[in-house]
**Q** 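Questions regarding the structure given below will be posed in turn.
Counting starts at 1 for both ligands and their atoms, in listed order. The shown structure was predicted, so the numbers you read here are calculated from the model rather than taken from an experiment.
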Amino acid sequence: TLRLNAMTGWIMWALTSFFRQLGVVAEGMQTIAQPIELADDRDATELQLTDGRIDIRNLSHHYGREAGGLDSIDLTIAPGEKIGLIGRSGAGKSTLVKLLLRFYDAEKGVIEIDGHDIRRVTQDSLRRNIGMVQQDSSLLHRSVRENILYGRPDATEDEVIAAAKQAEAHEFILDLEDPQGRTGYDAHVGERGVKLSGGQRQRVTLARVILKDAPILLLDEATSALDSEVEAAIQSTLYGMMEGKTVIAIAHRLSTIAQMDRILVLDAGRIVEQGSHADLLAQGGLYAQFWARQSGGFLNPEAAE
Ligand code: ATP
């Protein structure tokens, strides 16, 4: 029985550590946007971006159902163009972003970046070229430094700090101390680490994306978790980050995208209006309705001009 016990003990230990390892892997995968589920094409090439042009042709994706998702989207985004994406909840905004990152292959249609079908390039290279700031930014349960470095693992310490400063994160990072006594950039976040607020998590994510410096930026209501003072600071950081990049920004507050080159209004999976802020107001359609409703509501005064 002694040997049997030892054996059972060993098996239990092996199983526990196996699942712990599995947990670490799962956590790492979850964090940056989602697991790479789709396999690379056998002769997938590395996506080398030259301009950052996006061509979307006849794109439909209904998650295997009759309706919902996206329907027959045709869209060309010029290199360096800044697109704002708005629409009611469920209009298909996140679906578009997810298809661009190839979380799924679209049921119909094609997405090309600089003329390369995204199904024919490695997912690693696709995601290296796209910086993403999501609504709900979750972090790795590692040190703050590792979280920022994830954007570009070969960056120097100075570059990490510069990115954190730009994201308005440096100051609060210096004040961090985790339960193990590790401080500043060495402090661990999440489980058994420091609990960061939503706004702090978002700023660390921003630092990561700044460090990554990808030619295409996808922003999903990037400043939603921030209080208004921090938001104003971050907003200017975001505008700075956008320079020279192709940008698609999903926003619920119209003030954040009013300055974009072009605003797309999605409704029930289709692009129903597009143009500049002024164009769309003049059209008097859905955008003008959203704008009127928000101006009467919680928009800041300058937005109501
Ligand atoms: P929100 O502003 O609320 O984030 P959204 O415009 O981003 O909304 P999507 O998340 O793209 O909308 O959803 C578009 C439609 O697709 C909705 O009808 C939604 O229910 C459906 N949908 C989204 N994700 C899935 C999924 N994983 N499986 C099935 N249906 C989905």
**Q** D220 versus K93: any side-chain heavy-atom pair under 4.5 Å?
**A** no

**Q** Ignoring hydrogens and geometry, is there a side-chain-to-backbone donor-acceptor pair from R262 to E81 under 3.5 Å?
**A**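 The answer is no, because no donor-acceptor pair under 3.5 Å joins these two groups.
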
**Q** Can a non-hydrogen atom of R65 be found less than 4.0 Å from any atom of ligand 1?
**A**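 Checking ligand 1 against R65, which is what was asked, there is a heavy-atom contact under 4.0 Å.
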
**Q** Under the 3.5 angstrom rule, does the side chain of E107 hit a backbone N or O of G64 as a donor-acceptor pair?
**A** yes

**Q** Thinking salt bridges, do R102 and D105 make one under a 4.0 Å N-O criterion?
**A**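 Salt bridge present between R102 and D105.
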
**Q** Atoms of ligand 1 less than 4.0 Å from T95 heavy atoms?
**A** 9 (P), 11 (O), 13 (O), 14 (C)

**Q** Do the side chain of D40 and the main chain of A44 share a donor and acceptor less than 3.5 angstrom apart?
**A**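 Side chain of D40 to backbone of A44: no pair is present.
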
**Q** Main chain of A163, side chain of Q166: is a donor-acceptor contact present, judged purely on distance under 3.5 Å?
**A** no

**Q** Counting from 1, what ligand 1 atoms have a heavy atom of Y104 closer than 4.0 Å?
**A**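 In order of number, 27 (N).
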
**Q** Tell me which one of G90, G69, G269 gets a heavy atom nearest to atom 5 (P) of ligand 1.
**A**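 Residue with the shortest heavy-atom distance to the ligand atom: G90.
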
**Q** What part of F103 sits under 4.0 Å from ligand 1 if we count only heavy atoms: the side chain, the backbone, both or neither?
**A**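 Neither part.
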
**Q** At a 4.0 Å threshold, what atoms of ligand 1 neighbour a non-hydrogen atom of A91?
**A**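 So the atoms of ligand 1 that pass are 5 (P), 6 (O), 12 (O).
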
**Q** Counting heavy atoms only, which of S89, G68, G64, S94 is nearest atom 4 (O) of ligand 1?
**A**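 Answer by nearest heavy atom: S94.
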
**Q** Can you sort out which atoms of ligand 1 are near R88, meaning under 4.0 Å from one of its heavy atoms?
**A**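 Counting from 1, the qualifying ligand atoms are 6 (O).
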
**Q** Is K98 close enough to touch ligand 1? Criterion: a residue heavy atom under 4.0 Å from a ligand atom.
**A** no

**Q** Quick one: which of L100, I118, T76, D114 gives a side-chain contact (heavy atoms from CB on, under 4.5 Å) with I54?
**A**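 By the side-chain contact (heavy atoms from CB on, under 4.5 Å) criterion, I54 pairs with just one of L100, I118, T76, D114: L100.
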
